[in-house]
Amino acid sequence: MRRQIVAANWKMNGSSELVRELVPAIRESAVALDNAVEVVIMPPSLFLGGVKSELSGSGLSLGIQNIARWQEGAYTGEVSAGMAADVGCDYALVGHSERRQLFGETDEVIAEKVARILESGLKVMLCVGETLEEREAGNAEAVVCRQADVALKGVAAADARRIVIAYEPVWAIGTGKTATADDAQAMHRALRTRLSALGFAADEMSLLYGGSVKPDNAGALFAQPDIDGGLIGGASLKANDFIAICQAAKA
Ligand code: 13P
């Protein structure tokens, strides 16, 4: 059985107050998930310590949204994977389309970050996804497979259990447009086949879907055989919505 995972990517949203209100509410409701779903909270880095305190003893996981491609040194403003591990993170997110598009992160930079995450003992949550232009040109699958190929080049097969991949079609992020459950399933299937060809135990790897996941569409998406949970943006900032999405992953 693959792990079902629902991760909250707060992006650059939130405050100390939100940490104090939202995290205990999620923690309380997560008890009903009976450990059938791994819940991961990914706040802005400054709030990692606060979220960690609120999660203490809960079994919920913590993730950082981005890390540097170096481990330490004269890189003003950067935070390393080793530091994320030091403050108690379980996961590091990498390859998000916002980082690719707004910060110019290439597949090669993302591969370096994947290496730093693994050498720090954290788990990788790698985002892949095509733009609308790429989809309309019929290149969606090729783009997603290339992103996975490059990011995971050099990763040992034994590390597969520390890699989670989130398929996030760029055109579905924050737009209210979701991929249909069938389209998302088709991409997840293609990705799993590719991971297998790369030598990973793909059947044991959790593949998440992200992009306008809401309580009313989560059930249909998570019911697909190759969709093992979700990476949630906007809806992760509302306790009731996020909890309903976590429940849908359990069903
Ligand atoms: P939305 O759920 O707001 O579309 O964001 C998805 C996302 O980018 C999560 O990483």
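Every number for a ligand or one of its atoms is a count from 1 in the order of the listing.
- At least one heavy atom of Ala172 sits under 4.0 Å from some atom of ligand 1.
- The shell of residues lying under 4.0 angstrom from ligand 1, judged by heavy atoms, excludes Gly210.
- Between Lys123 and Asp90 there is no salt bridge, since none of the side-chain N atoms of the basic residue sits less than 4.0 Å from a carboxylate O of the acidic one.
- Considering backbone and side-chain N/O of Gly174, one or more are found under 3.5 Å from N/O of ligand 1.
- The nearest pair of heavy atoms linking Asp241 to Ala235 is CB-O, 3.7 Å.
- Between His188 and Tyr209, the angle of the ring planes lies from 30° to 60°, which puts this pair in the tilted group.
- The atoms of ligand 1 that sit less than 4.0 Å from any heavy atom of Glu168 are 6 (C), 7 (C), 8 (O), 9 (C), 10 (O).
- By the 3.5 Å distance cut-off applied to N or O atoms, Lys214 is not counted among the residues near ligand 1.
- Residue-ligand proximity, Leu231 to ligand 1, at heavy-atom distances under 4.0 Å covers atoms 9 (C), 10 (O).
- Among all non-hydrogen protein atoms, the one lying nearest atom 5 (O) of ligand 1 is Lys11 NZ, 3.3 Å.
- For ligand 1, the atoms closer than 4.0 angstrom to any heavy atom of Asn9 are 9 (C), 10 (O).
- Every atom of ligand 1 with a heavy atom of Gly211 under 4.0 Å away is listed here by number and element: 4 (O), 6 (C).
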### Query
Run the salt bridge (charged side-chain N to carboxylate O under 4.0 Å, His left out) check on Arg146 and Asp149 step by step: do they pass?
CA-CA 5 Å; Arg146 185 210 70 224; Asp149 286 355; over 6 Å; no
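- For atom 2 (O) of ligand 1, the nearest non-hydrogen atom of the protein is Gly233 N, 3.0 Å.
- A single hydrophobic cluster is seen to contain both Leu231 and Tyr91, as judged by linkage of ILVMFWY side chains at heavy-atom distances under 4.5 Å, directly or through other members.
- Atom 3 (O) of ligand 1 has its closest protein heavy atom at Gly234 N, 2.8 Å.
- Residue contacts with ligand 1: Glu98 is placed with no nitrogen or oxygen under 3.5 Å of a nitrogen or oxygen of the ligand (distance criterion only).
- At a threshold of 4.0 Å, the pair Arg100-Glu105 does not count as salt-bridged, since none of the basic side-chain nitrogens sits closer than that to a carboxylate oxygen.
- Of all heavy-atom pairs spanning Cys246 and Val39, the tightest one is SG-CG2, 4.0 Å.
- One finds no salt bridge joining Glu54 and Arg27 here, because no Lys/Arg side-chain nitrogen approaches an Asp/Glu carboxylate oxygen to under 4.0 Å.
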